[in-house]
Amino acid sequence: MIKEIKADELDTGKFIEEKAKMIREQTGDNIAINALSGGVDSATVTMLGHKAIGRRLRTVFIQNGLMREGEPEMVKSYFNELGIDIEIVDAREEFINALKGITDPEEKREAITRTFYKDVFGRIVKESKAKCLLQGTILTDVDETVAGIKRQHNVFAQLGIDPQETFGYQIIEPLIELRKEGVRMVGKALGLPSELFNRIPFPGPALAARIIGEVTAGRLETVRKATTVVERMLCDRGAFQYMAILHEDRVTGMRNGQRDFGQQIEVRCWDSVDARTASPTNLPFDLLTKLAASIIEEVPGVVSVTYNIATKPPSTIEAV
Ligand code: XMP
């Protein structure tokens with residue numbers, strides 16, 4: 001059982017010192033590696049790791065092809081400004097091949113997890129001779145995996161999986177006692193710019209968590225474009241998280257006087273404190289119709305846009 005450190009009892013200075021010490025002890029004289037996705041958790045772990053062991057931590061950004069528009073370049077430039085070097089590793093082909101033909105949500109997650117930890121990271125860790133992987137797992141990831149709601153991308157020990165045995169390296173998880181609010185506090189205390197520690201959460205399986213049905217290059221492009229529109233138009237609403245989801249079913253629509261059997265985008269925008277429960281943000285109808293018009297205009301093939309008004313539970317925040 002992991003003991004939670006609640007945001008209101010978190011002493012960020014003490015937490016950072018303790019975790020930096022833990023990272024130094026666990027890595028010893030060895031090299032460690034971490035994967036930066038640009039999300040709040042991985043950005044915070046990157047700062048913490050560099051504070052603890054400096055250049056002995058190699059930070060890589062895995063370009064899995066499932067990221068948002070311009071994400072690798074943006075994240076790299078933020079960290080470069082903080083004096084931290086980021087290597088971008090292009091693994092797009094491996095991920096798209098691994099996802100080919102898969103429609104079941106859990107199988108999709110499994111394929112991404114396996115490709116990430118075993119294939120791509122397995123190789124990088126082996127080549128680098130690093131002994132451990134530093135990772136930003138948080139308590140919410142563990143809770144939902146243990147409860148059997150969905151298997152989070154980054155949870156192993158609690159499922160009885162020994163990373164050392166399965167992947168050949170050890171995993172260090174310094175944020176595991178925290179929830180999102182606590183992580184943001186630590187990220188801020190470590191000097192991350194607010195553009196990074198205040199970013200909306202983004203899931204490990206990235207845009208694949210927002211595609212119902214098969215993940216193909218074309219469908220990724222559709223959801224990526226829709227995500228850009230949703231993020232641009234909902235970023236100033238104070239919501240916890242907002243996203244576009246691509247549905248599998250097509251619906252009849254019309255475009256230029258012609259029947260168009262087109263795609264459907266579902267918009268979700270959540271109010272939440274810690275992602276354990278969430279409710280839909282009360283967005284003005286006017287904004288919703290503008291959002292729909294922009295998605296239809298900017299994303300080829302979309303003829304229907306809906307807004308999700310269910311709560312979590314029974315919904316989850318992501319769709320897959
Ligand atoms: P769900 O969809 O489980 O998401 O309600 C809870 C929060 O965790 C973020 N998140 C993930 N969600 N798989 C997920 O389904 C992951 O690997 C993952 N990593 C992070 C999600 O975006 C939401 O904020």
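Note that the numbering runs from 1 along the sequence shown for the chain. In each ligand, atom 1 is the first atom listed, and ligand 1 is the first ligand listed.
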Hey, quick one: are V302 and V229 part of the same hydrophobic cluster, counting side-chain heavy atoms closer than 4.5 Å, chains of contacts allowed? yes
Tell me, do M47 and I84 make a side-chain contact under 4.5 Å, heavy atoms counted? yes
Provide, line by line, the atom pairs where ligand 1 and the protein bring an N/O atom each to a distance under 3.5 Å; else say none.
{"unit_1": "ligand 1", "atom_1": "2 (O)", "unit_2": "K150", "atom_2": "NZ", "d": "2.6"}
{"unit_1": "ligand 1", "atom_1": "2 (O)", "unit_2": "I317", "atom_2": "N", "d": "3.2"}
{"unit_1": "ligand 1", "atom_1": "2 (O)", "unit_2": "E318", "atom_2": "N", "d": "2.7"}
{"unit_1": "ligand 1", "atom_1": "3 (O)", "unit_2": "E144", "atom_2": "OE1", "d": "2.7"}
{"unit_1": "ligand 1", "atom_1": "3 (O)", "unit_2": "K150", "atom_2": "NZ", "d": "3.4"}
{"unit_1": "ligand 1", "atom_1": "5 (O)", "unit_2": "K312", "atom_2": "NZ", "d": "2.6"}
{"unit_1": "ligand 1", "atom_1": "5 (O)", "unit_2": "I317", "atom_2": "N", "d": "2.8"}
{"unit_1": "ligand 1", "atom_1": "12 (N)", "unit_2": "Q152", "atom_2": "OE1", "d": "3.2"}
{"unit_1": "ligand 1", "atom_1": "13 (N)", "unit_2": "R109", "atom_2": "NH1", "d": "3.1"}
{"unit_1": "ligand 1", "atom_1": "13 (N)", "unit_2": "R109", "atom_2": "NH2", "d": "3.3"}
{"unit_1": "ligand 1", "atom_1": "13 (N)", "unit_2": "Q152", "atom_2": "OE1", "d": "2.8"}
{"unit_1": "ligand 1", "atom_1": "15 (O)", "unit_2": "R109", "atom_2": "NH2", "d": "2.5"}
{"unit_1": "ligand 1", "atom_1": "15 (O)", "unit_2": "K150", "atom_2": "NZ", "d": "3.3"}
{"unit_1": "ligand 1", "atom_1": "17 (O)", "unit_2": "Q152", "atom_2": "OE1", "d": "3.2"}
{"unit_1": "ligand 1", "atom_1": "17 (O)", "unit_2": "H153", "atom_2": "N", "d": "3.1"}
{"unit_1": "ligand 1", "atom_1": "19 (N)", "unit_2": "G204", "atom_2": "N", "d": "3.2"}
{"unit_1": "ligand 1", "atom_1": "22 (O)", "unit_2": "Q241", "atom_2": "NE2", "d": "2.7"}
{"unit_1": "ligand 1", "atom_1": "22 (O)", "unit_2": "E318", "atom_2": "OE2", "d": "2.5"}
{"unit_1": "ligand 1", "atom_1": "24 (O)", "unit_2": "Q241", "atom_2": "OE1", "d": "2.7"}

Count the heavy atoms belonging to other residues, nucleotides or ligands that lie under 6.0 Å from CD1 of I309, then report whether that count exceeds 12. no
Presence of salt bridge, K6 and E9, under 4.0 angstrom: no
Under 4.5 Å between side-chain heavy atoms, hopping through other hydrophobics if needed: is there a path connecting I86 to I53? yes
Indicate the ring-plane relationship of F156 and F167, choosing parallel, tilted or perpendicular according to the 30° and 60° boundaries. perpendicular
